[in-house]
Amino acid sequence: MGSFPPLQEGESLLVTGKWQLHHRYGRQVAVERWERLLPATEVGLKRYLSSGLIKGIGPVTADAIVKAFGMKALEIMEKEPERLQEIPGIGPKRAALILESFSEYREMQDVLVFLQGYGIGVGQALRLYRHYGPRAVDRVKENPYSLAEEVLGIGFKTADRIARRMGLSAGDPARVRAALLFALSDAAEKGHVYLPRELIAEQAGQLLAIPGEEMPEISMEEHLEQLARERKIHREDTEAGEIIYAAPYFYAERDVARQLIRLAAAPRQWGSRRKEEAMAAAAGKESGLTAEQRLVLEQALSCGVLVVTGGPGTGKTTTIRALLSLFHLLRQKVLLAAPTGRAAKRVSEATGEEAFTIHRLLEYSYIEGEGFRFLRHAERPLEADVLIIDESSMVDLMLMYHLVRAIPEGCRLILVGDADQLPAVGAGNVLKDILASEVVPAVRLNYIFRQARESLITLNAHRVNRGEMPHLNVRHKDFFFIEEAVPDMVASKVVQLCCERIPNYGPFDPVADVQVITPMRRTSAGVERLNKLLQNALNPYDRRKSEITAHGTTFRVGDKVMQIRNNYQKEVYNGDIGLISSIDLEEGQLTVTFRDAAVSRPVAYDFSELDELTLSYAISVHKSQGSEYPVIVMPVITQHYLLLQRNLLYTGITRARKLVVLVGTRKALAIAVRNNRAEERYTYLNSRLRREGENIAGRNGKSE
C-alpha cells in the first residue's frame, strides 16, 4: 500500500513498512520508505533498460547493450558513456539522447528519494521535480509554503508537513498566512470566487489545528490585515457581511463587470432601413426562424452585449448561423469562438465558419523569460466588429476577464449557451450571474423545433429541467432505461451495452461512437473502475500491441484517452479525447491522435508526461461538458447520491445526439430529478454588474 513512481517489470525495490489488513484488498504493506535497487540478473537488467524510462532504449537496444557489456552496462553508461557507440545502430545522436535521458532519470530518482525524508509522497515529488527540475530540493528548503501556491497538486497539508519537519512552530505567522491563502485557493478550485469572513477563518483554523498552548499571540484579524496590505487578498464589506478574495479574483470580477458595461454602452448603430434589409436577407438564408430567433437578430443589432440561452432543440446553432449571415451582410468582421477545442470544432462544423478556442483567439503563447501569457489584451485588442462565444456556460471568471479586456471599443459581444447546464469547472458562475443581473439584454429560446420534438432525448432533457420524470423505454425511440440496483451489476451491464447490445442495435462503433459518462470517480460504477473494465473488454492485452504502464494505468495502442490538463505547448486541452496510435518503446514516446480537438492531429508524449493522460472509455459528467457524442451510457444509482443533481443529469442527457441509455434505479433517477439544489458558489458578479450599471445610469443622468 502506498504511492510509487512509474514501476516497470525488471526493477527491484527495497521497501520498508508494516503489514496491514485492508477491509477490501486484504493484506498489504503500508510503505514508509522505499528505494530502487540495481537489477541483479542480466534478464532483470534487460527489462530495466527496456522499460521505457530511458529514451532511445527499447527491447532490441537493451538486449544489444547487455550482450555487449553484461552486468557492467549501467556502470559503463555512467562512467564511459562514449562506449555506447560500440553498439550497432547507436550513433552519436542516439547515444546523446540515451545519456541525457539516463542522467535525468538518475537525477530524478535522487530527488525523489531525498524528498521522502520530508514526508512527500511520490505523486507530489514527481510534480515538484517536473516544475523545478534539479532545484526541487532547494525550493523545498527555501520556502515550503510557496510550493502550494506554485505547483499544481501540492496543497497546504503537503507543504505544512514539510515545514513542520523543518522545525516551524504551529503558530508561526508564515504558517497562519499560508493557511488563509490556501483556504482561498482551495475554494477557487471548488468554483468559489471569494469566501465569507467567518468561513475563511473557520477553514484556516481547521487546517492549522493549533493546540491552545501554541496559539499565536496575534489574532486572525491581524493576519488578514497584513495579507491585505501585501495586496495578496482583498477585503470588502457587503450587505451580507465581509467577503474576502484572493487578490487576482477580486480584480478579475471587478474588471469583468466594468468591461461588460463598457461594451454594452457603445455599440455601432445602423439606419432602420439597412437593418430591416439585413434582417430580411439573414432570415431568408435560415428559413423558418421563430419569433424568438428574430428577436435575437433585432437585439444583436442594437445591443453591445447580448446573451442567447436555451436548451436542446431550441435552435441555438441555427441562431448563430443567422447572426453570422446578418453581420456578414453588414460587412462586419465576425469572430467565432468556444471555450474548448471540442466545442469549437462542433460549432465550426455546424456553421461552416472557422471557430477558435478562446485561448487560441487570444493568442495564448509562451514568451521566453515570462512564461505563458495572452498576447491579445487591452493594449493589443482583437480585430473584430462582432465576437460570438458558443458554450459560454463553460467560461469561468478568469477566462472571461482575459476575453473582455481584449475586446475593442465598439465590438459587439454575443454569448450563446445553456444556462441550465453545469457551471464552468473553474471559479465563477459567469453566464448565470450575467443573466441574474438583468443588466445585459438576454433572449431565452423556448420553442422546441418539430424535428427535435420527435426525439425523446430532447423532450426528456426538458422534462428533467422542469423537475419531471423522463419518459422511459418508448418503443422505436432514442432514450432507454435499464433497471439494476446492484452497483457491480450496473458496471457489468454498462460493459455489455458498450460491447454488444448498442453495436447490435445500430451502426455504432463501441469506441468511437459510444461514450460512458458517470457522476463519480471512485465507486463500483465510477470512472476509474469502468475504464479498467471497458479497456479489458474493448482493447484487451495483445502481445502484438505495444503498451506502457505509468502511474498505475496501462496505456495500449488503440486505447481511448483524454488529456486532463491544458498543455499549451502541444496545443491540447483539458478534455480533448483521442486514440493511442503508437507506442515507441525504443524512443520512450507515445502518440495520440486527437479526434475531438479543434484540429485532428497526432500529438507525441514522452513517457514522463503520461500523467497528463487518462483512459476515457468512461469520463465524468463534468469532463463531458461542451461535447456531443452519438451515444451516451450513464449509470444513475444511489451510490452516487452526493452528485444526484438535476443539472448534472440534464447535462449528461444533453451530451447525446442519437441515443441515451441510463442504467440504475428509478429511485436514483427520481432523486436526481427532484434535487434542484445546485451547489452554491460564492460570486459577486451579479451585484457588481448592477452596481456598475447604476453608476453609468447615474453619470448619464447628471450629464443630461
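Worth saying up front: this structure is predicted, and the values here are computed from it rather than measured. Residues: numbered from 1 along the sequence shown.
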*Asks:* Parallel, tilted or perpendicular, judged at 30° and 60°: which one describes the rings of His192 and Tyr682?
*Replies:*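 Correct class here is tilted.
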
*Asks:* How far does OG of Ser581 sit from CZ of Phe594, to the nearest 0.5 angstrom?
*Replies:* 9.5 Å

*Asks:* For Glu484 and Val486, indicate whether the former's side chain and the latter's backbone hold a donor-acceptor pair under 3.5 Å.
*Replies:* yes

*Asks:* If you define the side chain from C-beta out and look only at heavy atoms, does anything of Phe479 sit under 4.5 Å from Ile653?
*Replies:*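 Side chain of Phe479 against side chain of Ile653, heavy atoms only: contact under 4.5 Å found.
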
*Asks:* Would you name the heavy atoms of Tyr617 and Asn539 that are closest together and state the gap between them?
*Replies:*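 So the two residues come closest at OH-CB, 3.4 Å.
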
*Asks:* Between Arg444 and Asp420, is there a salt bridge with N-O shorter than 4.0 Å?
*Replies:* yes

*Asks:* Quick one: NZ on Lys658 to CD on Glu628, what's the gap to the nearest 0.5 Å?
*Replies:* 11.5 Å

*Asks:* Hey, does the side chain of Thr523 reach the backbone of Gly526 with a donor-acceptor pair shorter than 3.5 angstrom?
*Replies:* yes

*Asks:* Test side-chain contact (heavy atoms from CB on, under 4.5 Å) on Leu579 and Lys560; report intermediate values, then the result.
*Replies:* CA-CA 5 Å; Leu579 295 178; Lys560 186 177 181 179; 3.9 Å; yes

*Asks:* Nearest 0.5 Å, please: how far is CD1 in Ile389 from CG in Leu336?
*Replies:*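 Leu336 atom CG to Ile389 atom CD1 measures 8.0 Å (nearest 0.5 Å).
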
*Asks:* I'd like to know whether NZ of Lys285 has more than 12 heavy-atom contacts from other residues, nucleotides or ligands below 6.0 angstrom.
*Replies:*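 Open.
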
*Asks:* Can you name the closest pair of heavy atoms from Val557 and Lys545 and give their distance?
*Replies:*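 Looks like O-CD, 3.6 Å.
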
*Asks:* Sub-3.5 Å donor-acceptor pair from the side chain of Asp559 to the main-chain atoms of Ile580, do we have one?
*Replies:* no

*Asks:* Does atom CZ of Arg501 have more than 12 heavy-atom neighbours, drawn from other residues, nucleotides or ligands, at distances under 6.0 Å?
*Replies:* no

*Asks:* Report the distance from atom OG1 of Thr665 to atom CD of Gln639, rounding to the nearest 0.5 Å.
*Replies:* 11.0 Å

*Asks:* Using 0.5 Å steps for rounding, measure from the CD atom of Glu528 to the CG atom of Asn531.
*Replies:* 8.5 Å

*Asks:* What I want to check is whether the side chains of Asn429 and Thr683 have a donor and an acceptor closer together than 3.5 Å.
*Replies:*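 Checked: Asn429/Thr683 side chains show no N/O donor-acceptor pair below 3.5 Å.
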
*Asks:* Relative to the ring of Tyr505, is the ring of Phe480 parallel (under 30°), tilted (30 to 60°) or perpendicular (over 60°)?
*Replies:* perpendicular

*Asks:* When you compare the side chain of Phe327 with that of Arg412, does any pair of heavy atoms fall below 4.5 Å?
*Replies:* yes

*Asks:* By the definition side chain to side chain donor-acceptor pair (under 3.5 Å), identify the one residue from Glu612, Gln563, Lys570, Gln589 that meets it with Tyr605.
*Replies:* Gln563

*Asks:* Do Val673 and Glu468 have side-chain heavy atoms sitting under 4.5 Å apart?
*Replies:*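 A side-chain contact is absent here, since even the closest heavy-atom pair is not under 4.5 Å.
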
*Asks:* Does a side-chain N-to-carboxylate-O contact under 4.0 Å join Asp488 and Arg529?
*Replies:*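 Yes, charged N to carboxylate O under 4.0 Å.
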
*Asks:* Would you name the heavy atoms of Gly310 and Lys316 that are closest together and state the gap between them?
*Replies:*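 Heavy atoms of Gly310 and Lys316 come nearest at O-NZ, 2.9 Å.
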
*Asks:* Got a donor-acceptor contact below 3.5 angstrom from the Thr309 side chain to the Ala419 backbone?
*Replies:* yes

*Asks:* State, yes or no, whether a side-chain contact exists between Phe607 and Ile583 at a heavy-atom distance under 4.5 Å.
*Replies:* yes

*Asks:* Tell me the closest heavy-atom pair linking Ile358 and Ala337, and the distance in Å.
*Replies:*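 Reported closest heavy-atom pair: CG1-CB, 4.3 Å.
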
*Asks:* Got a donor-acceptor contact below 3.5 angstrom from the Lys477 side chain to the Ile457 backbone?
*Replies:*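 Side chain of Lys477 to backbone of Ile457, a donor-acceptor pair under 3.5 Å: no, none is there.
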
*Asks:* For His622, I'd like to know if atom NE2 has over 12 heavy atoms of other residues, nucleotides or ligands within 6.0 Å.
*Replies:* no

*Asks:* Begin from the C-alpha positions of Leu689 and Ile434 and carry the test side-chain contact (heavy atoms from CB on, under 4.5 Å) through to its verdict.
*Replies:* CA-CA 8 Å; Leu689 281 165; Ile434 293 172; 4.0 Å; yes

*Asks:* May I have the step-by-step check of side-chain contact (heavy atoms from CB on, under 4.5 Å) for Val660 and Leu456, ending in yes or no?
*Replies:* CA-CA 9 Å; Val660 168; Leu456 266 188; over 6 Å; no

*Asks:* Indicate the atoms forming the closest heavy-atom contact of Ser393 with Asp418, along with that distance.
*Replies:* CB-O, 3.6 Å

*Asks:* Check whether any side-chain N or O of Arg321 sits under 3.5 Å from a backbone N or O of Ala350 as a donor-acceptor pair, and report yes or no.
*Replies:*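 It does hold such a pair.
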
*Asks:* Please lay out, stage by stage, how Arg601 and Val572 fare under the test side-chain contact (heavy atoms from CB on, under 4.5 Å).
*Replies:* CA-CA 10 Å; Arg601 61 190 175 85; Val572 287; 4.1 Å; yes

*Asks:* Provide the closest heavy-atom pair for Leu649 versus Ala672 in the form atom of the first, atom of the second, distance.
*Replies:*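 Heavy-atom minimum between the residues: CD2-CB, 4.0 Å.
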
*Asks:* Could you check Thr319 against Gln293 for side chain to side chain donor-acceptor pair (under 3.5 Å), going step by step and ending with a plain yes or no?
*Replies:* CA-CA 6 Å; Thr319 304; Gln293 290 172 316; 3.2 Å; yes

*Asks:* Mark yes or no for whether Thr518, through its side chain, and Ala525, through its backbone, hold a donor-acceptor pair below 3.5 Å.
*Replies:*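 Looks like yes, one N/O pair under 3.5 Å.
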
*Asks:* Please answer whether the main-chain N or O of Ala344 pairs with a side-chain N or O of Ser348 as donor and acceptor at a distance below 3.5 Å.
*Replies:* no

*Asks:* Is any side-chain heavy atom of Thr340 less than 4.5 Å from a side-chain heavy atom of Glu391?
*Replies:*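 No - every pair of side-chain heavy atoms lies 4.5 Å or more apart.
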
*Asks:* Using atom types as modelled and distance alone, determine if a side-chain donor or acceptor of Glu292 lies under 3.5 Å from a backbone N or O of Tyr447.
*Replies:*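 It does hold such a pair.
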
*Asks:* Do the non-hydrogen side-chain atoms of Val592 and Leu590 ever get within less than 4.5 Å of each other?
*Replies:*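 Side-chain contact under 4.5 Å: yes.
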
*Asks:* Side chains of His462 and Pro312: closer than 4.5 Å at any heavy-atom pair?
*Replies:* yes

*Asks:* Does Arg655 reach the main-chain N or O of Ser627 with its side chain, forming a donor-acceptor pair under 3.5 Å?
*Replies:*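 Flag set: sc Arg655 to bb Ser627 pair under 3.5 Å.
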
*Asks:* Rounded to the nearest 0.5 Å, what separates atom CG in Leu615 from atom CG in Leu530?
*Replies:* 11.5 Å

*Asks:* Are Leu445 and Val296 side-chain neighbours, meaning at least one heavy-atom pair lies under 4.5 Å?
*Replies:* yes

